[in-house]
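Just below is one structure, and these are the notes that go with it.
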Amino acid sequence: MDNPYLEVISYVERIHRQFLEVVKLELEGFGIHDINNVQAMMLFNIGDAEMTVGELTLRGCYLGSNVSYNVRKMVENEYLAHERSVHDRRSIHVRLTEKGIKLRDSLTTMHRRQAEMLSRAAVGTDDLQAAGVTLRRLERFWIRATDLVQRPQPLAAGSSSPAQPLFA
């Protein structure tokens, strides 16, 4: 690919997918079959916190997955406890159960083991820090870019021509 921008976007997506495959293999190695890789990473991202399902959605990368469905399955399989908010009955708070904490701890061990293995793959701390800086810059760029995207304007009542774009 001769466009570095498109190449990076492609790498980010493939790397995330490959990481989820590694998590899936770890779960199989633990003999765990009642939770999938995406659910396991949601659980990991909750950590010691208690949060709403909305906060969980904002905290992680769960594209292509239904967060509410995954939370319900983790509650059914006793990885999460949930309760409705006292202040907003539409909001549900979740936290890890003992079973969830045990799996989270196993995933933490997996992360540590993988971090130690990176040196054998010629990926050092400096490389990771540089990648992190670049990815944070891209994230900020894309956040700002959402404000600059030209959105179609609704037609005014009785108007026969579309509204002018905000940025020309």
Side-chain angles (χ1 to χ4, degrees), residues 1 5-86 88-143 146:
M1 186 176 290
Y5 175 75
L6 295 177
E7 190 173 352
V8 166
I9 292 169
S10 178
Y11 276 134
V12 167
E13 182 181 0
R14 286 195 323 247
I15 289 168
H16 180 67
R17 223 180 7 253
Q18 189 59 49
F19 171 73
L20 288 175
E21 184 63 24
V22 169
V23 172
K24 178 183 169 195
L25 292 173
E26 287 284 331
L27 292 172
E28 289 173 3
F30 298 150
I32 296 174
H33 303 287
D34 60 349
I35 189 169
N36 67 36
N37 50 3
V38 172
Q39 293 166 350
M41 290 316 302
M42 287 178 171
L43 185 136
F44 182 81
N45 287 329
I46 293 170
D48 291 327
E50 178 175 306
M51 64 182 66
T52 66
V53 173
E55 290 167 332
L56 177 60
T57 302
L58 292 174
R59 185 177 279 204
C61 179
Y62 314 118
L63 297 177
S65 88
N66 183 322
V67 174
S68 295
Y69 168 82
N70 284 318
V71 165
R72 187 170 62 249
K73 294 305 284 183
M74 288 188 285
V75 168
E76 287 173 12
N77 291 319
E78 300 177 347
Y79 288 98
L80 292 180
H82 73 295
E83 60 186 51
R84 290 216 177 268
S85 170
V86 174
D88 181 354
R89 302 300 293 167
R90 298 168 298 175
S91 183
I92 297 173
H93 291 262
V94 295
R95 69 184 182 302
L96 302 185
T97 61
E98 286 300 316
K99 184 178 179 181
I101 291 168
K102 183 178 175 187
L103 177 54
R104 190 264 332 262
D105 291 347
S106 296
L107 292 169
T108 299
T109 300
M110 174 199 75
H111 286 302
R112 281 194 199 112
R113 187 176 68 250
Q114 290 175 355
E116 291 167 3
M117 292 170 30
L118 280 175
S119 63
R120 288 183 254 150
V123 178
T125 303
D126 291 343
D127 298 317
L128 292 174
Q129 288 174 340
V133 167
T134 301
L135 290 171
R136 280 189 294 280
R137 287 178 183 158
L138 278 170
E139 179 183 38
R140 284 193 304 271
F141 165 77
W142 285 323
I143 288 168
T146 60

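One-based numbering along the sequence shown. Computed from a predicted model, the values in this text were never measured in an experiment.
Considering only residues two or more places apart in sequence or on other chains, Gln18 meets the side-chain hydrogen bond (donor to acceptor under 3.5 Å, both in side chains) condition with none of them.
Note: Leu107 CG to Met41 CE = 6.5 Å, rounded to the nearest 0.5 Å. The distance from the CG atom of Leu56 to the CG atom of Asn45 is 7.0 Å, given to the nearest 0.5 Å. With rounding to the nearest 0.5 angstrom, the CG atom of Asp34 is 11.5 Å from the CE atom of Met74.
Side chains of Leu27 and Leu103 form a contact here, defined as non-hydrogen atoms less than 4.5 Å apart. Within the 4.5 Å cutoff, the side chain of Phe44 has heavy atoms near those of the Thr108 side chain.
Note on ring orientation: taking the six-membered ring where Trp is involved, the planes of Tyr5 and Phe141 are perpendicular (angle over 60°, cut-offs 30° and 60°).
Environment of CD in Glu78: sparse, with no more than 12 heavy atoms of neighbouring residues, nucleotides or ligands closer than 6.0 Å. Remark: His93 NE2 is packed, more than 12 non-hydrogen atoms of other residues, nucleotides or ligands lying under 6.0 Å away. Atom CZ of Phe19 is surrounded by more than 12 heavy atoms from other residues, nucleotides or ligands within 6.0 Å. Counting non-hydrogen atoms of neighbouring residues, nucleotides and ligands closer than 6.0 angstrom, the CZ atom of Arg14 exceeds 12 such neighbours.
Ion pairing between Arg17 and Glu13 holds under the 4.0 Å rule for side-chain N and carboxylate O.
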Check your understanding: Yes or no on salt bridge (Lys or Arg N to Asp or Glu O under 4.0 Å) for Lys73 and Glu76, after CA distance, side-chain angles and deciding distance?
Key -> CA-CA 5 Å; Lys73 294 305 284 183; Glu76 287 173 12; 3.3 Å; yes
